[in-house]
Amino acid sequence: MYFLRKTRMPALVAGLSMTLILAACGGDTNNDTGETGETSRWDEIEEEGTLKVATSGTLYPTSFHSDETDELTGFEVEITREAADRLGLEAEFTEMGFDGMLTSIQSGQIDIAVNDIDINERREEDFLFTDPYKFSYGSMIVRPDDYSGIETLEDLEGKRHGGAATTIYMEIAEEYGAEGVTYENVTNDTYLRDIENGRLDAVMNDYYLQSLAIEALPEIDVVIHPDLFYHPNNQAMIMNQDNTELHENLNRVINEMLEDGTITELSEQFFGGQDVSQEPDIDFADED
């Protein structure tokens, strides 16, 4: 098995400029002191009673539409709803592709994004993450007959890898010489069928998400590569760097939910009985 050292992680959001979203309200006056006050984004969120959230709606089981009701649900969707409720807010979801989420955070169109987003050092230069509530690692979906000709990560050179343009997994694949095939906000069956029919050789992504996708679509002849596990990682909510009050309040309720078992229950509900809020007990070998 292969472990990708963090020192090899390429820049994902280098060069993104920060947009301040503190809205000054010069007319607000403190009744006691007569001093002009300033309204923060958290003050606005509290007044509006709404937390604006970006998610894809296509990433099973973290953000998807129920077959029975067509309502948006999923592991992170329900964590967000519960967190918002504990803060006295209603979560308002906007569905979009991953590539638009970080831009929408910076522009102030949304407050947070939840979509199995990895915490990494480069993103932390420009954004705030809550404390993590999911721990995982990377895997690779391939064809079952010859694992798409891939035995090591180095064998990705010249192979066709599918995913959104700016995900960490696309960065990893391209670092190893794969040709990136960019998809917009598509569902799992599109990726899996394109591996089966040879349009793609591999899709690298989170192990838990990929294992559940394969389980949900048994008619598509693909497998998770049994020997290539890499990039241990964790996921959390992401927001504008200036939203410090929102960050503090979300951390408070997320830690309450971790302590009282709410997140474990949601994990077991959406991940087939597995508790993704605990770090996996896996021995990762160095790729060298």
Side-chain angles (χ1 to χ4, degrees), residues 1-2 4 9-10 12 54-67 70 72-76 95-102 113 115-118 136-231 233 235 270-272:
M1 293 185 292
Y2 293 83
L4 186 64
M9 287 295 145
L12 183 63
T55 194
S56 68
T58 60
L59 189 62
Y60 179 84
T62 199
S63 172
F64 65 99
H65 286 264
S66 167
D67 289 337
D70 198 39
L72 181 68
T73 188
F75 176 61
E76 286 190 276
E95 295 177 39
M96 65 179 69
F98 175 76
D99 294 342
M101 293 181 190
L102 301 185
N115 207 64
D116 206 58
I117 300 173
D118 283 6
S136 190
Y137 51 95
S139 63
M140 184 185 304
I141 295 179
V142 291
R143 289 182 289 278
D145 52 351
D146 64 347
Y147 303 143
S148 299
I150 300 169
E151 295 183 5
T152 69
L153 292 175
E154 284 73 15
D155 292 332
L156 283 166
E157 185 169 1
K159 303 295 185 182
R160 292 171 63 83
H161 172 272
T166 59
T167 65
I168 189 65
Y169 291 102
M170 181 64 82
E171 294 282 348
I172 294 171
E174 291 182 341
E175 182 187 357
Y176 278 93
E179 176 188 349
V181 180
T182 301
Y183 288 71
E184 296 298 331
N185 200 29
V186 300
T187 52
N188 287 322
D189 61 302
T190 300
Y191 288 112
L192 270 57
R193 291 193 186 282
D194 280 354
I195 295 171
E196 182 184 44
N197 64 33
R199 182 169 187 260
L200 297 175
D201 296 304
V203 170
M204 300 167 69
N205 209 319
D206 175 86
Y207 169 76
Y208 292 112
L209 300 186
Q210 292 199 318
S211 61
L212 288 169
I214 287 178
E215 182 180 342
L217 298 163
E219 69 277 11
I220 303 177
D221 191 22
V222 295
V223 297
I224 290 180
H225 199 299
D227 301 318
L228 291 181
F229 300 106
Y230 54 93
H231 182 48
N233 57 80
Q235 290 76 38
F270 287 104
F271 286 95

Kindly compute the distance separating [atom1] ([X]) from [atom2] ([Y]), expressed to the nearest 0.5 Å.
X	Y	atom1	atom2	value
Asp206	Ile168	CG	CD1	13.0 Å
Ser63	Leu209	OG	CG	10.5 Å
Tyr208	Phe271	OH	CZ	8.5 Å
Glu196	Ile141	CD	CD1	12.0 Å
Ile172	Leu156	CD1	CG	10.0 Å
Ser211	Ile224	OG	CD1	5.0 Å

Is any side-chain heavy atom of [X] less than 4.5 Å from a side-chain heavy atom of [Y]?
X	Y	value
Phe64	Thr58	no
Asp221	Pro144	yes
Glu184	Met96	no
Glu179	Lys159	no

If you take all heavy atoms of [X] and [Y], which pair is closest and at what distance?
X	Y	result
Ala202	Met140	CB-CG, 3.8 Å
Phe270	Thr73	CZ-OG1, 3.6 Å
Met170	Ala165	CG-O, 3.6 Å
Ile214	Val223	CD1-C, 3.7 Å
Glu174	Gly180	OE2-CA, 3.6 Å
Ser56	Glu95	O-OE1, 3.7 Å

Polar side-chain atom of [X] near backbone of [Y] as donor-acceptor pair, under 3.5 Å:
X	Y	value
Arg143	Ile195	yes
Asn197	Arg199	yes
Ser148	Asp201	yes
Arg160	Val181	no

Any side-chain donor-acceptor pair under 3.5 Å between [X] and [Y]?
X	Y	result
Asp99	Thr166	yes
Glu76	Thr62	yes
Asp118	Gln235	yes
His225	Gln210	no
Asp194	Tyr183	yes

Identified side chain to side chain contact (heavy atoms under 4.5 Å, CB included) counterpart of His231 within the set Tyr137, Tyr169, Tyr207: Tyr169
His161 vs Tyr176, ring pair (Phe, Tyr, Trp, His ring centres under 6.0 Å): CA-CA, chis, key distance, verdict: CA-CA 11 Å; His161 172 272; Tyr176 278 93; over 10 Å; no
